[in-house]
Number of protein chains: 2
Amino acid sequence: MADVARRAGVSAMTVSRALKGKGTVTPPTQDRILKAVQELGYVLDKSAGALSSKQTGFVSVLIPSLNNSNFSDTVQGISEVLDTEAMQVLIGTTGYSREREEAVIETMLQRRPEGIIVTGGKHTPRARTLLGQAGIPVIETWDMPAAPIDHVVGFSNAATIEDLLARLMFRGYRRIAFIEGEHGEDTRGHDRRAGYERAVEALGLERSCVISVGRPPITIEHGGGAVVRLVETWPEVEAVICVSDLSAFGAIMECHRRGWAVPERLAVAGFGDFEVSRFCWPSITTVSVGSRDLGRQAGRLMLEAITAMRTGTPLAPRRLNIPHTVIERDSTAVHRHPAATHQVA
Amino acid sequence: MADVARRAGVSAMTVSRALKGKGTVTPPTQDRILKAVQELGYVLDKSAGALSSKQTGFVSVLIPSLNNSNFSDTVQGISEVLDTEAMQVLIGTTGYSREREEAVIETMLQRRPEGIIVTGGKHTPRARTLLGQAGIPVIETWDMPAAPIDHVVGFSNAATIEDLLARLMFRGYRRIAFIEGEHGEDTRGHDRRAGYERAVEALGLERSCVISVGRPPITIEHGGGAVVRLVETWPEVEAVICVSDLSAFGAIMECHRRGWAVPERLAVAGFGDFEVSRFCWPSITTVSVGSRDLGRQAGRLMLEAITAMRTGTPLAPRRLNIPHTVIERDSTAVHRHPAATHQVA
DNA sequence: CTGCCGGATGGTATCGATAACAATTGACGG
DNA sequence: CCGTCAATTGTTATCGATACCATCCGGCAG
């Protein structure tokens, strides 16, 4: 930077001001500086800038996996918003493990992000401590924890499945099963299953039929395996809710393979409104939470919180409840009950 | 850090050494320091460390989109390897645009990454200059450019499609079409199409039938729309190669919807070996380049290059050609030609 | 004509860690 | 009992930019 300053005949301080558009620099000076920058091929060093200004321009985002389009959509939404303020997203993946999450949080904090967005509301005690003491805004997403660390932009996973199940019941389905991963790791999946159990009871359905397959993340393949076990175990089941659209898709494809008509023999619903669900044949009934938009909202809240933090007045914890929508499609389009008269989307 | 040093009764330098396991610190001293760190809840500041050591521990990775599992798999592979050396990946997305790429590169360089991995071998002139002058290892992936900037870990997109087309021909297909996005943006898609054209000519097929739909990225939906246009335009076509598995999937689902049997009425192949292709009904013939492994190899090369760079002896440009595999599945399983006798996987 | 004011620019200290080198310590052989 | 060496720890300068305050300048009111 000193080189640039010399060449432009100004001080380093003025170069710094010119480069970030802040402060006041006379147009001719500005031009001379930019020209010098150009000629020397100089590139600003933000690490150094971060050190002195204490503003790293980073926001950390932790997600279970990049390979799940729900989460990568959320990241995209966050990035979109943060880009407008020249903030950069530092992505970390936790592999659906709380221990990994703790480790990743620790690594991330060494980079001094100005805020951190995590997926889910369940964390190891140490992770909670780390986040709480970091002195930066924290946003938990994709969940609605009872005792948030700081801000929340999420929804109740249980509630989404309760609504979905109610909708299926309204359509006339009575024997409704649930396909999920084995417990312990994927807390959001666990919550959805809890919602299923609760709804089965509340709605007075006959009994709950749950098939657990594999360790999270539950894949397309798991869905296929699970639906076979389901039909063998409880042939009378009329519909099944899968913990995610991917498993629902796998289940449907396996049904095709075996000649089980969907939805006639078995109706299938998922969660997450993945792109594949909209265009699958048959299209898949699902719950949409607007992953991308969820990300945007989290991003906006984060910007606000960071601004507040810079001003010295931390933002009081916010709690944004993202609405979800049950999207009924062809995979649950058989009306088994006379009360069902709606047109299916 | 000074606080920690005081509490542990040592100098800051010793704390620094203790925290990074480098140098030599007596076990009791080490313990005292770690205890002090614990008690004070101190977290190392790597930005500051980066400034003085000139090692940021960052590697930038630029991909067109997070939403494409090929690319997110590659990132995952890269991360896996870099994690072992405590290097962090800074992801940037370019939205399939070279202009965006140029802008992202510029932003990234301000963070002083120790290496940068980009997708594709086509860049704006300025982007090339920036990368070339950055003084760090550069790896181009997912392509095999004639004039690489530095290292390459990739393959020829054209060659993959040539092989795929040859395989379809061997299976007896003669009238083979291609579905792609509109040109100009997705250079890899463009290369694949070029491979198609070349193969059609080389193999003496009747003529090339190309349907172009939408701006990249080509989605599932585009595939569905394109296949309809294809069948309307050239009813005699027997097989179609889609620029990616997603569009192939969309095409197949649309065929189901319209009662066009796959592969009997129309065989469909894709590119990329997405998870969806393996479990789709019918399973989709595709070309696999092992995205995750490609990432791992790029990661390993990057580590080597960074080590070499730190030693002061830049690594001579390497050129890793990643082998691809045509995976034949049910979506092209009709044998139209007596010569075809192989078992389909 | 004088003095004040605000916009533009420069000088200096500093952010938090680490590199490089200096100093200290203890062990061991002669 | 002393000198030497290696292991351990401390001291100082520095990385590159920016915050903060000082300075300079021209314009304008009185």
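Values in this document were obtained by computation on a predicted structure and should not be read as measured data. All values below were derived from every heavy atom in this structure, side-chain atoms included, with hydrogens, water molecules and symmetry-related copies excluded. The sequence lines fix the lettering, A, B, ..., with proteins before strands; numbering per chain opens at 1.
Distance, B/L44 CG to C/dT18 P: 5 Å, rounded to whole Å. The CD-C1' distance, from A/Q55 to C/dT14, rounds to 16 Å in whole Å. Residue A/L19 contributes atom CG, which lies 14 Å from atom P of C/dT9 at whole-angstrom precision. For the pair A/L51 CG and D/dG16 P, the interatomic distance rounds to 12 Å; values are reported in whole Å. To the nearest angstrom, P of C/dC21 lies 14 Å from CZ of B/R17. Note: NZ (B/K46) to P (C/dG16) measures 18 Å, nearest angstrom. Counting to the nearest Å, the C1' atom of C/dA19 and the NZ atom of B/K20 are 10 Å from each other. Summarising the geometry, the separation between CE on B/M13 and C1' on D/dT12 is reported as 12 Å, rounded to the nearest angstrom.
With D/dG10, D/dT18, D/dA17 as the choices, the nucleotide that has an atom nearest any side-chain atom of B/S11 turns out to be D/dG10.
Taking the ring axis of A/Y96 as reference, the NZ or CZ atom of A/R215 does not stay both within 45° of it and closer than 6.0 Å to the ring centre.
Atom-to-atom distance recorded for B/I322:CD1 and B/Q297:CD is 4.0 Å, nearest 0.5 angstrom.
OP1 or OP2 of C/dG10 sits under 4.0 Å from a side-chain N or O of A/T14. Contact annotation: A/S52 side-chain N/O to C/dC15 OP1/OP2 distance is not under 4.0 Å. In this structure, B/T29 reaches the D/dT9 phosphate: one of its side-chain N or O atoms is under 4.0 Å from OP1 or OP2. Using a 4.0 Å cut-off, some side-chain N or O of A/T26 falls inside it from OP1 or OP2 of C/dT9. Within the structure, a side-chain polar atom (N or O) of A/Y42 is placed less than 4.0 Å from OP1 or OP2 of D/dA17. For the pair B/K54 and D/dG16, the criterion of a side-chain N or O lying under 4.0 Å from OP1 or OP2 is met.
In summary, of the residues considered (A/I78, A/N70, A/T74, A/D73), a side-chain contact (heavy atoms from CB on, under 4.5 Å) with A/L294 occurs for A/T74 alone.
Salt-bridge check for B/E39 with B/K35: passed, with a basic side-chain N closer than 4.0 Å to an acidic carboxylate O. The pair A/R6-A/D3 counts as a salt bridge, with a side-chain nitrogen and a carboxylate oxygen less than 4.0 angstrom apart.
Using a 4.0 Å heavy-atom distance criterion, B/V10 is classed as a sugar-phosphate-only contact.
Residue whose closest nucleotide on DNA chain D sits further toward the 5' end, between B/R32 and A/A48: B/R32.
The base of C/dG16 does not come close enough to the side chain of A/R112 for any donor and acceptor atom to sit less than 3.5 Å apart.
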